[in-house]
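Below is one structure, written out as structure tokens; comments come after it.
Keep in mind it's a predicted model, so treat the numbers as computed, not measured.
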Amino acid sequence: MRYTQQPMAWFLSFLLVLLPLMPAQAAMLGNDRIISEQQVTLDRAKILEVLDQQFTRQQLETWGVSPEMARERINSLTGQELANINRQFDELEAGGGILGILLVIFIVFVITDALGATDIFPFVHPIK
């Protein structure tokens, strides 16, 4: 028992010396940060809900984009991009805006292809 007590005592002494040297960091999360994270989640869910509609899937397949690829790209959009798309959703007329939504998503995909962030469309070449 004595053989285990001495190494344990050394270990605990070592920790007592080092622990005060390690700074503890804590920060308050502001309400705006929490709300913005929730808003990004809601924006993404709204776009994915539109993507799940049959008409949307058919239109994307007409353009040569698989729904899985579109879902993957939507999941990789930043909060600002999601907010812009959702703002355009809100500006469209009720009931007649699916084609407009698809056009917005198509434009976002073309822009990200041109910037080199994605490679969805073979006819879009990245900017060098």
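- Here the closest non-hydrogen pair linking P126 and G116 is CB-CA, 4.1 Å.
- To the nearest 0.5 Å, atom CG of residue L82 and atom NZ of residue K46 are 11.5 Å apart.
- The distance from the CZ atom of R73 to the CD atom of E81 is 5.5 Å, given to the nearest 0.5 Å.
- For E37, the salt bridge (charged side-chain N to carboxylate O under 4.0 Å, His left out) test picks out R33, with sequence neighbours left out.
- Using a 3.5 Å distance cut-off with no hydrogens or angles, the side chains of R44 and T41 do not pair a donor with an acceptor.
- Residue L42 is not grouped with residue I105 when hydrophobic side chains (ILVMFWY) are merged at heavy-atom distances under 4.5 angstrom, including chains of intermediate members.
- When all heavy atoms of L48 and R71 are compared, the pair lying nearest together is CD2-NH1, 3.5 Å.
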Starting from the C-alpha separation in whole Å, work towards a yes-or-no answer on side-chain contact (heavy atoms from CB on, under 4.5 Å) for V108 and N84. CA-CA 10 Å; V108 168; N84 287 340; over 6 Å; no

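- Around the CZ atom of F123, the shell of radius 6.0 Å holds more than 12 heavy atoms that belong to other residues, nucleotides or ligands.
- By the side-chain contact (heavy atoms from CB on, under 4.5 Å) test, S66 pairs with E68, M69, sequence neighbours left out.
- P67 and L51 make their closest contact through O-CD2, 3.9 Å (heavy atoms, listed as atom of the first residue, atom of the second, distance).
- Here the closest heavy-atom approach between residue V40 and residue G79 is recorded as CG2-CA, 3.7 Å.
- The distance from atom CD1 of I74 to atom CD1 of I47, rounded to the nearest 0.5 Å, is 6.0 Å.
- For N86, the side-chain hydrogen bond (donor to acceptor under 3.5 Å, both in side chains) partners two or more places apart in sequence, or in a different chain, are D43.
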